[in-house]
Amino acid sequence: MEKNSSKNGLLIKLIILVIFIWGLSALLIIVLLPNWSDRGTFGDLFGAVNALFSALAFAALIYTIVLQREEIKENREEIILNRKELAKGAKLQQKAQQVLIQQVEQTHLSAKMNAMRTIVEYYNNQISNPKSTEETIEKAKQKRKLIIIQIDQLIDGLNDSEID
């Protein structure tokens with residue numbers, strides 16, 4: 001933003017300088033050359049200079065177009081790089097989500113295994129309790145056996161790659 005304001009200020013100063021020089025040259029011609037025919041002859045001397053300045057202005061215009069073209073090309077390349085970086089970021093985010101899902105699944109499995117272990121310990125306590133009846137001990141053994149089978153199935157269902 002500051003660059004544009006300084007460029008605009010420079011452009012305004014240059015325009016004022018050109019108008020001042022133009023006005024000063026007109027005043028000097030009127031003062032120094034009192035005859036109209038002398039003034040006309042003097043003005044004809046600058047026809048070639050006028051053509052030169054027009055050619056220079058045209059060359060500056062072409063140079064500006066070339067610079068803008070290069071800048072647009074650089075901007076396009078930067079946009080392409082930004083798109084690639086965004087795609088990489090999206091892939092990394094997707095991988096992170098997959099890792100997070102795996103961690104949640106492992107945590108869930110671990111919690112389930114801990115709960116089953118607690119249940120097995122409960123049944124072991126019932127079995128080893130001298131106050132338990134034969135019927136209670138038999139039911140506890142059966143339920144403990146079912147829980148142990150479920151634990152074995154969970155362990156068999158795991159791949160080695162799933163265990164960290």
Side-chain angles (χ1 to χ4, degrees), residues 1-122 147-164:
M1 186 90 167
E2 291 179 18
K3 282 186 174 182
N4 287 340
S5 63
S6 66
K7 287 181 181 179
N8 288 340
L10 178 63
L11 180 64
I12 290 172
K13 289 177 184 176
L14 287 174
I15 290 172
I16 290 171
L17 179 66
V18 168
I19 290 172
F20 176 74
I21 291 172
W22 176 75
L24 183 64
S25 67
L27 184 64
L28 286 174
I29 290 171
I30 290 172
V31 171
L32 296 177
L33 299 172
N35 189 349
W36 279 103
S37 64
D38 291 339
R39 291 178 191 162
T41 306
F42 183 75
D44 289 341
L45 291 174
F46 291 97
V49 174
N50 189 17
L52 174 66
F53 279 115
S54 296
L56 288 174
F58 186 68
L61 178 67
I62 290 173
Y63 179 71
T64 303
I65 291 171
V66 168
L67 286 179
Q68 286 178 347
R69 184 176 177 195
E70 289 175 5
E71 188 173 324
I72 288 171
K73 183 180 177 183
E74 288 174 3
N75 286 341
R76 284 182 183 161
E77 290 172 357
E78 190 170 328
I79 287 171
I80 289 170
L81 289 175
N82 285 340
R83 285 182 183 166
K84 288 179 181 178
E85 289 297 320
L86 285 173
K88 285 180 185 177
K91 286 179 183 177
L92 286 175
Q93 186 177 12
Q94 189 177 22
K95 286 181 181 179
Q97 286 175 344
Q98 289 172 349
V99 167
L100 185 61
I101 289 170
Q102 288 175 349
Q103 287 176 347
V104 167
E105 289 172 352
Q106 288 177 357
T107 303
H108 180 262
L109 180 64
S110 177
K112 193 173 186 178
M113 296 283 280
N114 284 335
M116 290 176 158
R117 187 189 57 170
T118 303
I119 292 171
V120 167
E121 286 177 14
Y122 171 75
I147 297 295
I148 291 173
I149 290 170
Q150 288 178 357
I151 291 172
D152 285 341
Q153 289 173 347
L154 281 175
I155 292 172
D156 289 342
L158 293 176
N159 294 332
D160 287 336
S161 63
E162 293 177 359
I163 300 173
D164 288 359

**Prompt:** Would a distance-only check, ignoring hydrogens and angles, find a side-chain to backbone donor-acceptor pair under 3.5 Å from S54 to N50?
**Reply:** yes

**Asked** In chain order, what residues pass the side chain to side chain donor-acceptor pair (under 3.5 Å) check against T107, with sequence neighbours excluded?
**Response**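 Side chain to side chain donor-acceptor pair (under 3.5 Å) check on T107 returns nothing, list empty.
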
For the [atom1] atom of [X] and the [atom2] atom of [Y], what is their distance to the nearest 0.5 Å?
X	Y	atom1	atom2	result
N35	T41	CG	OG1	8.5 Å
L86	K84	CG	NZ	12.5 Å
I19	I15	CD1	CD1	7.0 Å
E105	H108	CD	NE2	9.5 Å
I72	L67	CD1	CG	11.0 Å
E70	I65	CD	CD1	12.5 Å

**Prompt:** Quick check: are there more than 12 heavy atoms from other residues, nucleotides or ligands sitting under 6.0 Å from CD of E77?
**Reply:** yes

**Request:** Identify the two heavy atoms, one from L33 and one from D38, that lie closest to each other, and give their separation to 0.1 Å.
**Result:**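 Heavy atoms only, the tightest pair is CD1-O, 4.0 Å.
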
**Message:** Taking side chain to side chain contact (heavy atoms under 4.5 Å, CB included) as the definition, give me every residue that meets it alongside L17, ordered by chain and number, with sequence neighbours left out.
**Reply:**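 For L17 the side chain to side chain contact (heavy atoms under 4.5 Å, CB included) partners, ignoring immediate neighbours, are I21.
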
**Message:** Checking L154 now: which residues fulfil side chain to side chain contact (heavy atoms under 4.5 Å, CB included) with it, not counting sequence neighbours?
**Reply:**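 So L154 forms a side chain to side chain contact (heavy atoms under 4.5 Å, CB included) with L109, K112, M113, M116.
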
